[in-house]
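In what follows, a single structure is set out as structure tokens and then discussed.
Residue numbers begin at 1 in each chain, while the letters A, B, ... track the order of the sequences. Just so you know, these numbers come straight off a predicted model, no measurement behind them. All values below come from the heavy atoms of this structure, side chains included, with hydrogens, waters and symmetry mates left out.
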Amino acid sequence: MRTFKLPAVPPFSLASVIQSHGWYQLAPFQYEPAEGVLTYTARLDSGRLLQLNLTQSGTGVSAAYEPELTHTETSEVSRMVTWMLGLDQQFGVFYQLCRDEPALAQSEALARGRLLRSPTLFEDVVKTILTTNTAWSGTKRMTMRLVTLYGEPVPAQPIVKAFPTPQALAELDEPALRKDAGLGYRAPYILELAQRTASGELDLEAHKNSSMTAAERKKWLLGLKGIGPYAAANLMMLLGHYDEVPVDSWALMMVSREFYNGEPVTAKQVRAAFERWGEWQGLAYFLWDWKNDGTSQPA
DNA sequence: GGTAGACCTGGACGC
DNA sequence: GCGTCCAGGTCTACC
């Protein structure tokens, strides 16, 4: 295995990034908690496929890979890992605000704030659509089927596959996605996204670092089929905009238990509960140390 | 702007 | 084993 190291804006914890949300459980991510290794099957611009093994290295991250890469490819992998782990992201202002809130006081000590991302926005939009209107087990199953059925295999390890490209998905028909991949009614959304991306009509990757305002970005996301208020807020978080709470059924339950004594709450009440965190309210919600984590009934 | 019904799947449950 | 019900966000039509 060849390796290189990348620095991160301190504080940095790979474990905190990995456990920031459930993305590490979705193919082609793999995580070995005992060894602290996050594995991702990546596809480079050149079309080459490789397995990346990411581990904590001092205050940064170490990337191990095979086969040998060109200088250009190594630069591409560096940019990819920096984006996926948010190595250049800073949360100093947020940490200052957290110091007076017991439920967030550990954020800086644990280096929390960075959210694990896929290398491409295409992959993250697809995965976000697959989180909607289904249980987490369904999201994992649908993602695994997409990768298994339509992902390109790593030559040296044919059972290891990358996330399917927009081109690969664009060539499919709706019944295949609906039945074979088990996407159900989400199939036309994914197919349209893939076809628009593959044709060049939609340049998702340009939006990772666009000059759009947060409001413009959100409006653009809501214009994508299958992306509603929850999915848009979730993707905005991945894009580094934290000024809105992604309200789903879990958020309604947790906020009800935490702030409303178990009484049913509305999406407005969930947003109101975190409104005081301003541009950080989404992150405050994400990192909140809930008194009741949802696995038991409230006191 | 708000609301109701349809969409689709898998899991839980009762028989 | 089979049938029924329910949870989970978004879209569309309608008011």
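Comparing the start and finish of the helix from B/dG1-C/dC15 to B/dC15-C/dG1, five pairs each, the helix axis swings through 30°, to the nearest 10 degrees.
Salt bridge absent: A/Arg48 and A/Glu76 never bring a charged side-chain N and a carboxylate O closer than 4.0 Å. With respect to the salt-bridge test (charged N to carboxylate O, under 4.0 angstrom), the residues A/Glu205 and A/Lys208 qualify.
When side chains are defined from C-beta on, A/Leu224 does not count as touching A/Ile129, because their heavy atoms never get closer than 4.5 Å.
Not a single donor-acceptor pair under 3.5 Å links the side chain of A/Ser57 to the backbone N or O of A/Gly60. Between the side chain of A/Gln56 and the backbone N or O of A/Leu14, at least one donor-acceptor pair lies under 3.5 Å. Without hydrogens or angle criteria, A/Ser16 side chain to A/Leu110 main chain gives a donor-acceptor distance under 3.5 Å. At distances below 3.5 Å, not a single donor-acceptor pair connects side-chain atoms of A/Thr134 with backbone N or O atoms of A/Thr131. The backbone N or O of A/Gly226 sits nowhere less than 3.5 Å from a side-chain atom of A/Arg186 that would complete a donor-acceptor pair. Without hydrogens or angle criteria, A/Gln281 side chain to A/Val245 main chain gives no donor-acceptor distance under 3.5 Å.
A/Glu101 and A/Trp277 share no donor-acceptor pair across their side chains, judged by distance under 3.5 Å alone.
Residue A/Arg196 forms a side chain to side chain contact (heavy atoms under 4.5 Å, CB included) with just one option from A/Leu202, A/Leu204, A/Leu191, and that option is A/Leu202.
Listed by residue number, the members of residues 130-140 of chain A with any heavy atom below 4.0 angstrom from DNA chain C are A/Thr132, A/Asn133, A/Thr134. For DNA chain C, the residues of residues 168-187 of chain A within the heavy-atom distance limit of 4.0 Å (strictly under) are A/Tyr185, sorted by number. Listed by residue number, the members of residues 212-226 of chain A with any heavy atom below 4.0 angstrom from DNA chain C are A/Leu224, A/Lys225, A/Gly226.
Across all non-hydrogen atoms, the minimal contact from A/Ala284 to A/Leu104 is O-CD2, 3.7 Å.
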Side-chain donor-acceptor pairs under 3.5 Å in residues 159-175 of chain A, sequence neighbours left out?
{"residue": "A/Lys161", "atom": "NZ", "partner": "A/Thr148", "partner atom": "O", "Å": "2.7"}
{"residue": "A/Thr165", "atom": "OG1", "partner": "A/Ala168", "partner atom": "N", "Å": "3.0"}
{"residue": "A/Asp173", "atom": "OD1", "partner": "A/Ala176", "partner atom": "N", "Å": "3.1"}
{"residue": "A/Glu174", "atom": "OE2", "partner": "A/Arg178", "partner atom": "NE", "Å": "3.4"}
{"residue": "A/Glu174", "atom": "OE2", "partner": "A/Arg178", "partner atom": "NH2", "Å": "2.7"}

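Judged by the 6.0 Å distance and 45° axis criteria, A/Arg117 is positioned over the aromatic ring of A/Trp83.
Residue A/Arg114 holds its CZ atom at 6.0 Å from CZ of A/Phe91, rounded to the nearest 0.5 Å.
Once you apply a 4.0 Å limit to the heavy atoms of chain A, the touched nucleotides of DNA chain B run 5' to 3' over B/dG2 to B/dG11.
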